[in-house]
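Below is one structure, written out as structure tokens; the observations come after it.
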Amino acid sequence: MPELPEVETIVRGLRAADNIIGKTIINSRVLWQRSLAVPLFDDFQQFINGQQVLDVIRRGKFIVIKLTRQSLLIHLRMSGDIFVESGETSRNNKHDRVILEFSDGSRMAFNDTRKFGRVWLVDDPQMVFGKLGQEPLEDSLTSELFFEKLSRSKRQIKPLLLDQTFLSGLGNIYTDESLFLAGIHPSTPANAIVFEKAELLLKAIREVLLEGIKRNGASIDWVYRGGDFQNYFKVYQRDGKPCQRCGTSVQRITIGQRGTHFCPHCQPEIA
DNA sequence: CCTGAAACCTGTCTGC
DNA sequence: TGCAGACAGGTTTCAG
């Protein structure tokens, strides 16, 4: 599920719809030990009990739950999801990995089919995301700064955008969609992108992320949470179908072990 | 510094 | 129907 817009959608839900702010944790259950990055199970349970949820924010693809004394960080990786509920659950809870129980009888479940997701309970979040790159939606990232960052790397633009130490929050879908909007071939060397194109790319990244957030993220495969951005993909998983701009068949190639979708006509090789 | 491959996992879909 | 293989929204680690 999880790129910046999906994580943002979940965080907003935890602040509003599911509102866990103000709740006190009275018990925790860890059903899959390796979902816990740190600390070990005994300490986790001991430390978290009694702490109250003060706030929930997002940093990159991390969900940050600020507690009385510490922070609970959750990274959903490929298949993680969060559910808040009370009473008997009606959903499929087969893949619940970590559950927090609140004093009002409700609970929050971290569900993760593929078990790639991780949970950290730490004093200082910086310990976990110290090297994370800038938030793409923040104004402090100017076109000039973005262009300068690009010009310092000769890596292919797609793997660079996926690198969370370069920018934080972009994943496979939003990267492909952004490169399409900007008309840049995914294997273009970053330092071959001229200023005007860099400016266009930053604008495209923001446009795609904001639309994703507006549509509550994308729901694909067997995971559905209400988001419908999947109905507005221009290239992602549209290989073989005509490009909506020029009609050329959208192509799928592999770059950096990731499926990569682009229009050969609108995104010519050489920036 | 860069790239590619493998690992961590479960589930779905396609083709024979 | 069965079964092999490819593939999936991510990240880390290691070899070259």
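Here is how names work: the chains are called A, B, and so on, in the same order as the sequence lines, proteins then strands, and each is numbered from 1.
- Comparing the P positions of dC7(C) and dA5(B) gives an interatomic distance of 13 Å, to the nearest angstrom.
- Backbone-only engagement by Arg34(A) is indicated by non-hydrogen atom pairs under 4.0 Å involving sugar-phosphate atoms exclusively.
- Rounded to the nearest Å, the gap between the P atom of dG5(C) and that of dA6(B) is 15 Å.
- A distance of 6.0 Å or more separates the ring centres of Phe233(A) and Phe180(A).
- Atom CD1 in Ile74(A) sits about 17 Å away from atom C1' in dG9(C), given to the nearest Å.
- Side-chain polar atoms of His261(A) and Asp176(A) form a donor-acceptor pair below 3.5 angstrom.
- dC9(B) is unpaired under the criterion used here, namely a Watson-Crick or G-U wobble arrangement in which both key atom distances are under 3.5 Å.
- One N or O donor and one acceptor, one from the side chain of Glu6(A) and one from the base of dG9(C), sit under 3.5 Å apart.
- Toward the 5' end of DNA chain C, the nearer of the two residues Arg252(A) and Lys61(A), judged by each one's closest nucleotide, is Arg252(A).
- By the 5.5 Å and 30° criteria, Phe116(A) is stacked with the base of dC8(B).
- Across the protein-nucleic acid pair, Tyr174(A) atom OH and dG9(C) atom P stand 13 Å apart, rounded to whole Å.
- Following rounding to the nearest Å, Gln230(A) (CD) and dA8(C) (P) show an atom-to-atom distance of 17 Å.
- One can place CD of Gln164(A) at 14 Å from P of dG9(C), the figure rounded to the nearest angstrom.
- Protein atom CG of Asn191(A) is 10 Å distant from nucleotide atom P of dC2(B), rounded to whole Å.
- In this model, the phosphate group of dG11(B) is approached by a side-chain N or O of Lys94(A) to a distance below 4.0 Å at OP1 or OP2.
- Judged by Watson-Crick or G-U wobble contacts below 3.5 Å, the nucleotide dG9(C) has no partner.
- A side-chain N or O of Ser79(A) and one of Asp112(A) form a donor-acceptor pair less than 3.5 Å apart.
- For the residue pair Gln134(A) and Ser168(A), no side-chain donor N or O sits within less than 3.5 Å of a side-chain acceptor on the partner.
- The residue among Arg97(A) and Gln156(A) whose nearest nucleotide of DNA chain B lies closer to the 5′ end is Gln156(A).
- In this entry the distance linking CD of Gln257(A) with P of dA15(C) reads 16 Å, nearest Å.
- Put simply, CE on Met78(A) is 11 Å from C1' on dT10(B), counting in whole angstrom units.
- Side-chain atoms of Thr175(A) and Ile205(A), non-hydrogen and from C-beta on, never get closer than 4.5 Å to each other.
- Picking from dT11(C), dG11(B), dG9(C) the nucleotide with the shortest atom distance to the side chain of His95(A) gives dG11(B).
- The side chain of Tyr236(A) lies closest to dA8(C), out of dA8(C), dC2(B), dT11(C).
- Classification of the Phe166(A)-Phe146(A) ring pair by plane angle, with boundaries at 30° and 60°, yields tilted.
- Within the 4.0 Å cut-off from OP1 or OP2 of dG11(B), not a single side-chain nitrogen or oxygen of Arg114(A) is found.
- In this structure, Arg258(A) atom CZ and dC7(C) atom P are separated by 13 Å, rounded to whole Å.
- Contact annotation: Lys115(A) does not reach the phosphate of dC8(B) (side-chain N/O to OP1 or OP2, under 4.0 Å).
- A sub-4.0 Å separation between OP1 or OP2 of dC9(B) and a side-chain N or O of Thr113(A) is absent.
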